[in-house]
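Quick note on labels: first sequence line is chain A, next is B, and so on, each numbered from 1. Worth knowing before you read on, the calculation uses all heavy atoms, side chains too, and leaves out hydrogens, waters and symmetry mates.
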Amino acid sequence: AQTVTQSQPEMSVQEAETVTLSCTYDTSENNYYLFWYKQPPSRQMILVIRQEAYKQQNATENRFSVNFQKAAKSFSLKISDSQLGDTAMYFCAFMEYGNKLVFGAGTILRVKS
Amino acid sequence: NAGVTQTPKFQVLKTGQSMTLQCAQDMNHEYMSWYRQDPGMGLRLIHYSVGAGITDQGEVPNGYNVSRSTTEDFPLRLLSAAPSQTSVYFCASSPPGRDYNEQFFGPGTRLTVL
């Protein structure tokens with residue numbers, strides 16, 4: 001079974017600085033998707049960014065980018081120019097064939113002013 | 001479009017009571033699923049459905065039943081609630097046509113079983 005590990009339960013960063021959240025996963029599949037979801041205090045799950053395993057180029061969405069290392073099974077999220085609104089729980093997730101998601105335990109990110 | 005809706009937002013049950021968590025989507029998505037979120041464990045898949053009339057078990061199905069009589073609705077039933085089912089429950093849906101698709105989540109239901 002696939003597993004997803006987020007080794008940082010909590011992190012903090014100063015406003016306007018850069019922070020990287022770590023994620024590793026274990027799978028024997030060759031084709032899959034990886035996602036980062038943001039969960040603010042409202043509890044809503046918001047898709048931040050996604051990466052297709054067959055694409056070598058790292059995904060980027062505005063201030064959010066990933067470092068995808070397929071051989072190392074690593075998928076970290078970099079947030080640049082951190083804003084107070086980035087304060088949230090962040091989940092790394094692996095998508096199996098057939099749209100089933102496997103989530104990590106999450107990392108609480110606090111952005112300080 | 002309202003997206004994925006869930007009712008109720010909050011619910012308190014006593015041990016042994018039954019209830020149904022409602023989930024509906026108006027995006028004509030074929031794939032729907034239920035997750036539970038517990039502290040320190042992320043979200044875990046309970047049940048899922050690839051279309052009307054078809055359901056299957058996820059990682060933690062025990063204590064829960066589902067059915068899918070229409071494309072729009074995917075209710076989750078707790079037949080005899082237990083304190084271990086205290087959790088936040090999320091419904092999600094995905095559009096048809098691909099095997100790997102972004103999932104759209106509902107706002108969640110916080111359930112407490114006393």
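B:Leu21 and B:Tyr64 fall within the same hydrophobic cluster, where Ile, Leu, Val, Met, Phe, Trp and Tyr residues are linked whenever their side-chain heavy atoms come under 4.5 Å apart, directly or through other members. Linking Ile, Leu, Val, Met, Phe, Trp and Tyr residues whenever their side-chain heavy atoms come within less than 4.5 Å leaves B:Val4 and B:Val50 in two separate clusters. Under the 4.5 Å side-chain contact rule for hydrophobic residues, B:Trp34 and A:Tyr37 do not share a cluster. Note: the hydrophobic cluster containing A:Leu34 also contains A:Trp36 (ILVMFWY, side chain heavy atoms under 4.5 Å, direct or indirect links). Cluster annotation: B:Leu43 is not connected to B:Leu76 through the hydrophobic network of ILVMFWY side chains, with a link wherever side-chain heavy atoms come within less than 4.5 Å.
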Next on the checklist: Is there a side-chain contact (heavy atoms from CB on, under 4.5 Å) between A:Leu101 and B:Tyr35? Walk through the geometry before answering.
Outcome noted: CA-CA 9 Å; A:Leu101 284 169; B:Tyr35 294 85; 3.3 Å; yes
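Contact annotation: the side chain of A:Met45 never approaches that of B:Gln103 to less than 4.5 Å [non-hydrogen atoms, C-beta and beyond]. You'll find the side chain of A:Gln39 stays beyond 4.5 Å of the side chain of B:Phe105, heavy atoms only.
Heavy-atom distances place both the backbone and the side chain of B:Arg110 under 4.5 Å from chain A. The part of B:Leu45 that comes within reach of chain A is its side chain, from C-beta onward, which places non-hydrogen atoms under 4.5 angstrom from that chain. If you measure heavy-atom distances from B:Ser33 to chain A, you find no contacts under 4.5 Å at all. Only the side chain of B:Val88 comes within contact range of chain A, with at least one heavy atom under 4.5 Å from a heavy atom of that chain. Of the atoms belonging to B:Phe104, not a single heavy atom falls under 4.5 Å from chain A.
Residue-environment remark: NZ (A:Lys78) stays at or below the threshold of 12 foreign heavy atoms within 6.0 Å.
Of all non-hydrogen atoms in B:Gly40 and A:Ala105, the two that sit nearest each other are O-CB, 3.4 Å. Across all non-hydrogen atoms, the minimal contact from B:Glu102 to A:Phe35 is CA-CE2, 4.3 Å.
A distance of 6.5 Å separates CD in B:Gln37 from CE in A:Met89, rounded to the nearest 0.5 Å.
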